[in-house]
> 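Below you'll find the structure I mean.
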Amino acid sequence: MERLPKLKLTSSGKLLYEQSDVLLRDFDMLKEMMTSLQSGKSGFITIGVMEPTASFRLPQLLAAFQEEHPLMKLSIQVHNANALEELVQSGELDVAIGTTPTTYNDDVSFSWLFNEEFGLLAPTSHALATKDTVSLRDLHGHSLLQTTPSCPFRATLDRVLLENDIKVSKNIEISNLLALKPYVESGIGIAVIPEIIAKPPFTETRYLPIADFNGQLPIGMMTKTTNLNPSPALSQFIAHIHSIYHPLHSLIRHKETRLEADSNRVSLRFYS
């Protein structure tokens with residue numbers, strides 16, 4: 001300010017005065033954004049996922065999550081099981097939904113969500129399509145469409161066939177699990193695939209449960225073990241997924257948190 005007969009703002013003072021409303025508004029916005037981040041109302045999460053969950057489950061899960069957290073920004077990356085584990089370990093993914101890690105890994109923790117169920121998809125013209133259910137022995141000698149050996153679904157199927165001494169023809173390998181369905185419809189073979197892909201079947205295909213198939217594939221969430229303090233946004237997402245697949249466990253954890261926060265007078269812990 002300049003000392004004149006009357007106090008007068010300098011040019012710098014005038015500029016500051018003119019911009020004060022903008023600065024205060026920006027400060028309030030920044031403060032609101034930081035509060036939103038700290039509370040888990042907003043944030044950024046990188047989520048990895050494998051098929052068929054990427055196409056058949058995650059969209060519905062995220063729709064419900066976004067309805068509760070409209071300010072949350074998400075990056076969805078679809079990879080195979082091995083890539084998901086590596087990306088979680090490197091920190092490039094905050095969380096991933098996939099199969100159990102193939103090898104023990106201190107850096108990656110796995111939390112089970114559900115088991116992937118398998119069944120047989122056959123063309124309506126195929127001999128097995130006349131049955132209501134099939135057994136593993138029914139597959140013996142037939143031409144079976146399969147994914148590549150690195151696919152965990154293929155690995156599970158190969159193990160089950162070997163354990164039950166079932167011999168099948170494997171003339172065609174398809175790297176994309178979701179592509180098996182139209183190939184079956186074309187009539188060139190049958191396929192053992194996750195139930196969620198096969199239903200509802202195409203017009204020219206039929207889905208058949210395999211009565212004695214004992215090869216359920218565990219699917220769960222992978223996070224980095226060393227991430228002891230996940231962001232509020234990530235914590236909200238993990239809690240949301242658990243509330244869908246393990247509602248009772250989530251309710252217990254919620255009650256535990258409420259009790260521990262009660263002026264530190266009560267501390268109860270539940271373990272699943």
> Are any of the side-chain nitrogens in R137 or D165 under 4.0 Å away from the carboxylate oxygens of its partner?
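No salt bridge links R137 with D165.
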> With distance as the sole test, does T223 use its side chain to make a donor-acceptor pair with the main-chain N or O of V95 at under 3.5 Å?
no
> Please find the pair of heavy atoms, one from P52 and one from I196, that lie closest to each other, and give the distance.
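That closest heavy-atom pairing would be CG-CG2, 3.7 Å.
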> Between K181 (side chain) and I197 (backbone), is there a donor-acceptor pair under 3.5 Å?
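Between the backbone of I197 and the side chain of K181 there is a qualifying donor-acceptor contact (under 3.5 Å).
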> Just by modelled atom types, is the Q89 backbone N or O under 3.5 Å from a matching donor or acceptor in the K224 side chain?
yes
> Determine, stepwise, if the pair S55 / E51 fulfils side-chain hydrogen bond (donor to acceptor under 3.5 Å, both in side chains).
CA-CA 6 Å; S55 297; E51 296 290 6; 2.9 Å; yes
> Would you confirm whether R206, through its side chain, and K131, through its main-chain N or O, come within 3.5 Å as a donor-acceptor pair?
yes
> Among all residues two or more places apart in sequence or in another chain, which pass the side-chain hydrogen bond (donor to acceptor under 3.5 Å, both in side chains) test with D158?
Q146, R154, K170
> So among L120, I190, I193, L145, which one has a side chain to side chain contact (heavy atoms under 4.5 Å, CB included) with V184?
L145
> Are any side-chain N or O atoms of T225 and backbone N or O atoms of D106, one a donor and one an acceptor, separated by less than 3.5 Å?
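Yes; judged by distance alone, with no hydrogens or angles, the pair exists.
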> Would you confirm whether H246, through its side chain, and W112, through its main-chain N or O, come within 3.5 Å as a donor-acceptor pair?
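Checking the backbone N and O of W112 against the side chain of H246, a donor-acceptor pair under 3.5 Å is found.
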> Checking the side chain of H140 only, and the main-chain atoms of I166 only, is there a donor and an acceptor separated by less than 3.5 Å?
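Side chain of H140 to backbone of I166, a donor-acceptor pair under 3.5 Å: no, none is there.
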> Answer with yes or no after comparing the ring centroid distance for H240 and H69 against a 6.0 Å cut-off, counting only values under it.
no
> Drop me the distance from T99's OG1 to M222's CE, to the nearest 0.5 angstrom.
6.0 Å
> How about E67: does its CD atom have over 12 heavy atoms from other parts shown lying under 6.0 Å from it?
no
